[in-house]
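From a predicted model like this one, the values you see are computed outputs, not experimental measurements. What's counted below: heavy atoms across the whole structure, side chains too, no hydrogens, waters or symmetry copies.
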Amino acid sequence: TLQTTSSSSSATTNSQTQSLIKAYFKTPEGRYKLHSEKTRPPNLLPYSYAKTISQVTVAQLKDKPSGQPTLAPSFSTTGVRSAAARLLGGNGGKALSFVGGSGYSRTSNGSSRYAHFGGSNGTHHTVNSNLGSKGSFLVFNVGDTVYISDLNSPDKDPIKALQFGNSNPVCHAFDSEAKDGHDLLIGLSSGDIYSASLRQQLQDSGKKLVGAHHYNKEGSVTSSRCASVAWVPKGSGAFVAAHADGNLYVYEKSKESAGDSSFPVIKDHTQFSVAHARSSKSNPISRWHICQGAINSIVYSEDGANLATVGRDGYLRVFDYSKEQLVFGGKSYYGALLCCAWSPDGKYILTGGEEDLVTVWSMEDRKVVAWGEGHNSWVSGVAFDSYWSPPSSDDAEENIVYRFGSVGQDTKLLLWDLPMDEIVVPLRRSSLGGSPTFSSGSQSSHWDSVYPIGTLQPAPSMRDIPKLSPLVSHCVHSEPLSGLVFTEETILTASWEGHVKIWMRPGEPENKSNTETLLGVSPKDQPLTGKGYTEPSKSNPFSESKSKQHGYPARC
């Protein structure tokens, strides 16, 4: 009776929360509208997905390279129905294949770039024409299963399910530049890691991985939970896997795990260290000991030069990947850090975590340059919107402005504007006295000190850091959120339990029949400055510090 009453109460609460969620939100450039939703199969029992948090990855398959065999697409009658989609990340970093373009830019002939979402009659397809060829797909994990959805379909349900049995998938990443077809990475709670061909999984009718490479099999290297995986940009198939024991391993996917895979004993668990494999045949090829606690997320900069990690100990650490050296690190204001993301130009890093703040770090200054206040609970996903263009302005002088987003356990999506001339430049003019961006109105010692390269910095004082207020705060789900991703025409938000919502940018039609994909071009083909980053919002983005609540998910 108690269980029935509890379930009924939970359902009522969710129903009430759902009724408060609007299908749109407004920004200075216009209205974002809810276009569609993608989700896991509806018949999953609660215990089947309670052990892990759903993460999402967007994968764009290009034309099939010549020479690769074509498998006949086939689906069993018990297979999941056709359709769905996603985009996450987040994390605005390049561990995932995030692609897209300016949210409401026009092509040279004045027409907009739109996605083909298919028909709107709600019918289900037994064969998807994109399978085995090209298209945009959403990869997300729920319980012991990885689901794959078609981003261009109107259907909510996934087109493919990959089951892992005794271990739950935790993280995944996609490499659109993979040469051998193995473009999908999947890390499990057991510590095992797989690389596989997404195209081959879509063409196969079964529910098990086919043609996959298996790494750290049965804990041969470590039995610790795999928390995050990332392809090395321009790394010719190299990838890294971060684990809950504070270690990060570098693998070469083309190399079989042979020879001695052990590493020397870590002498000092409080210090960063790198150890290389004893044998040239070994895989992984190196071990990076990052910290004592768990690593929660790893993200490469766009050019692959730097690697950012955040962990249970509350530190952001940035490494020069090729030199295997710590560039700098910094402590959170409170608690663990859960997520991080790079700006497309590699100049700034976002972090979020248990402090309920979105922190902006400068690579040039190796310091915190702003705190974003607006979430009422832990921040679980951050990403830069490299495809946003600000409204036109009459001001003659251009100013670089970054748009970024965050999602949290408070079920909210927040959008932020970071104008460089209003926040970074005044803070570097220490000789001019106090800056109006300081909530205290006094000069900050935080900006007088310069930390040497390779130094882990303590958390700055709350009064020393400029505060940002969100441009938009919108309740987008009825349950805690796990990530967001920006695409050319949309923003995608994902919840813990495997629900993804697609929000169309202002000016984009809800249905358009053409063959262009939702995702568009790669971020590396988009300029950071100029049209994409010119003018800040007219409103003042700064505010005074607010009272905070830590750790408990606050609902809308």
J.: Between atom OG1 of Thr487 and atom OH of Tyr387, what is the distance when rounded to the nearest 0.5 Å?
T.: 8.5 Å

J.: Return the CG to OH distance between Leu185 and Tyr251, rounded to the nearest 0.5 Å.
T.: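 Going from CG on Leu185 over to OH on Tyr251, the span is 11.0 Å.
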
J.: Could I get the full list of side chain to side chain donor-acceptor pair (under 3.5 Å) partners for Arg287, not counting sequence neighbours?
T.: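 Residues passing side chain to side chain donor-acceptor pair (under 3.5 Å) with Arg287: none at all.
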
J.: With a 4.5 Å heavy-atom cut-off, do Leu492 and Lys501 have their side chains touching?
T.: no

J.: Please check if any side-chain donor atom of Thr490 sits under 3.5 Å from a side-chain acceptor atom of His35, or the reverse.
T.: no

J.: What's the separation between atom OG in Ser36 and atom CD1 in Ile502, rounded to the nearest 0.5 Å?
T.: 3.5 Å

J.: Check salt bridge (charged side-chain N to carboxylate O under 4.0 Å, His left out) between Asp245 and all other residues, then give those that pass, not counting sequence neighbours.
T.: none

J.: Just jot down the side chain to side chain donor-acceptor pair (under 3.5 Å) partners of Ser189, sequence neighbours excluded, or say none.
T.: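 For Ser189 the side chain to side chain donor-acceptor pair (under 3.5 Å) partners, ignoring immediate neighbours, are Ser167.
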
J.: Has the side chain of Lys156 got a donor or acceptor atom that lies under 3.5 Å from a matching backbone atom of Arg40?
T.: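 No, because the side chain of Lys156 does not come within donor-acceptor range (under 3.5 Å) of the backbone of Arg40.
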
J.: Test of understanding: with side-chain contact (heavy atoms from CB on, under 4.5 Å), list the residues that count as partners of Ala23, not counting sequence neighbours.
T.: Leu34

J.: Under the side-chain contact (heavy atoms from CB on, under 4.5 Å) rule, collect the residues that match up with Gln292, sequence neighbours excluded.
T.: His269, Thr270

J.: For Asn306, what residues pass the side-chain contact (heavy atoms from CB on, under 4.5 Å) criterion, not counting sequence neighbours?
T.: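 Asn306 satisfies side-chain contact (heavy atoms from CB on, under 4.5 Å) with Ser301, Val318, Asp320, Val327, Trp342, Met363 once adjacent residues are dropped.
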
J.: Thinking salt bridges, do Lys179 and Asp175 make one under a 4.0 Å N-O criterion?
T.: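 Judged by the 4.0 Å cut-off on N to carboxylate O distance, Lys179 and Asp175 do not form a salt bridge.
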
J.: Show your reasoning for whether side-chain contact (heavy atoms from CB on, under 4.5 Å) applies to Phe319 and Thr309.
T.: CA-CA 8 Å; Phe319 301 93; Thr309 71; 3.8 Å; yes

J.: Whether Glu354 and Arg312 form a salt bridge (side-chain N of Lys/Arg under 4.0 Å from carboxylate O of Asp/Glu) is what I want to check.
T.: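 Yes, charged N to carboxylate O under 4.0 Å.
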
J.: Do other residues, nucleotides or ligands put more than 12 heavy atoms under 6.0 Å from Lys208 NZ?
T.: yes

J.: What's the shortest heavy-atom distance between Pro264 and Ala275, and which atoms?
T.: CD-CB, 4.0 Å

J.: Determine whether a donor-acceptor pair (N or O, by modelled atom type, separation under 3.5 Å) exists between the side chain of Ser482 and the backbone of Ser54.
T.: yes

J.: Quick one, Val142 with Tyr147, criterion side-chain contact (heavy atoms from CB on, under 4.5 Å). Give me CA distance, side-chain angles, the key distance, then yes/no.
T.: CA-CA 8 Å; Val142 181; Tyr147 294 100; 3.8 Å; yes

J.: Partners of His182 by ring pair (Phe, Tyr, Trp, His ring centres under 6.0 Å), sequence neighbours excluded?
T.: His213

J.: What pair of heavy atoms forms the shortest contact from Phe384 to Ala341, and how long is it?
T.: CE1-O, 4.0 Å

J.: Determine, for Asp183 against Lys62, whether the closest basic-nitrogen to carboxylate-oxygen distance falls under 4.0 angstrom.
T.: no

J.: Taking only residues two or more places apart in sequence, or in another chain, which ones meet Asn141 in a side chain to side chain donor-acceptor pair (under 3.5 Å)?
T.: His172

J.: What distance do Cys226 atom SG and Tyr249 atom OH have between them, rounded to the nearest 0.5 Å?
T.: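 One finds 11.0 Å between SG of Cys226 and OH of Tyr249.
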
J.: Quick check: closest heavy atoms across His477 and Thr493, and the distance to 0.1 Å?
T.: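 Scanning both residues completely, I find the closest heavy atoms to be NE2-OG1, 3.0 Å.
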
J.: Is there a donor-acceptor contact under 3.5 Å from the side chain of Gln200 to the main chain of Ala196?
T.: no

J.: Is the Tyr194 ring parallel, tilted or perpendicular to the Phe164 ring (thresholds 30°, 60°)?
T.: tilted

J.: Can you see which heavy atom on Leu202 is nearest to which on Ile148, and at what distance?
T.: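 Reported closest heavy-atom pair: CD2-CG2, 3.7 Å.
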
J.: Taking side-chain contact (heavy atoms from CB on, under 4.5 Å) as the criterion, tell me which of Ile266, Ile295, Ile290 meets it with Asn247.
T.: Ile266

J.: Please check this pair: side chain of Asp192 against backbone of Glu218, looking for a donor-acceptor N/O pair closer than 3.5 Å.
T.: yes

J.: Parallel, tilted or perpendicular: which one describes the rings of Phe239 and Tyr215, with boundaries at 30° and 60°?
T.: perpendicular

J.: Apply side-chain contact (heavy atoms from CB on, under 4.5 Å) to Leu338 and Trp378, showing your working.
T.: CA-CA 9 Å; Leu338 305 176; Trp378 296 356; 4.2 Å; yes

J.: Start with the C-alpha distance between Phe137 and Ile159, add both sets of side-chain angles, then the distance that settles side-chain contact (heavy atoms from CB on, under 4.5 Å), and finish with yes or no.
T.: CA-CA 10 Å; Phe137 299 91; Ile159 58 177; 4.0 Å; yes

J.: Before giving the answer on side-chain hydrogen bond (donor to acceptor under 3.5 Å, both in side chains), spell out for Ser343 and Asp345 the whole-Å C-alpha distance, their side-chain angles and the decisive distance to 0.1 Å.
T.: CA-CA 5 Å; Ser343 63; Asp345 57 3; 2.5 Å; yes

J.: Side chains of Thr39 and His499: is there a donor and an acceptor less than 3.5 Å apart?
T.: yes

J.: Using only heavy-atom distances, determine whether the side chains of Glu479 and Ser495 contain a donor-acceptor pair under 3.5 Å.
T.: yes

J.: Just jot down the side-chain contact (heavy atoms from CB on, under 4.5 Å) partners of Val250, sequence neighbours excluded, or say none.
T.: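 Partners of Val250 by the side-chain contact (heavy atoms from CB on, under 4.5 Å) criterion, ordered by chain and then number, come out as Val240, Leu248, Ile285, Ser286, Trp288, Tyr321.
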
J.: Can you confirm if the aromatic rings of Phe272 and His289 lie within a centre distance of less than 6.0 Å?
T.: no

J.: How many angstroms lie between NE2 in His474 and CG in Leu415, if you round to the nearest 0.5 Å?
T.: 10.0 Å

J.: Which pair of non-hydrogen atoms, one from Ala308 and one from Cys340, has the smallest distance, and what is that distance?
T.: O-SG, 4.2 Å

J.: Going by the side-chain contact (heavy atoms from CB on, under 4.5 Å) test, name the single residue among Ile193, Asn216, Asn283 that passes it with Val221.
T.: Asn216

J.: Who passes side chain to side chain donor-acceptor pair (under 3.5 Å) against His276, sequence neighbours left out?
T.: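 Checked His276 against side chain to side chain donor-acceptor pair (under 3.5 Å); matches are Glu324.
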
J.: How many angstroms lie between OG1 in Thr145 and CZ in Phe140, if you round to the nearest 0.5 Å?
T.: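 Between Thr145 OG1 and Phe140 CZ, I get 10.0 Å after rounding to 0.5 Å.
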
J.: I need the minimum non-hydrogen distance between Ala494 and Val500, along with the two atoms involved.
T.: CB-CG2, 4.1 Å

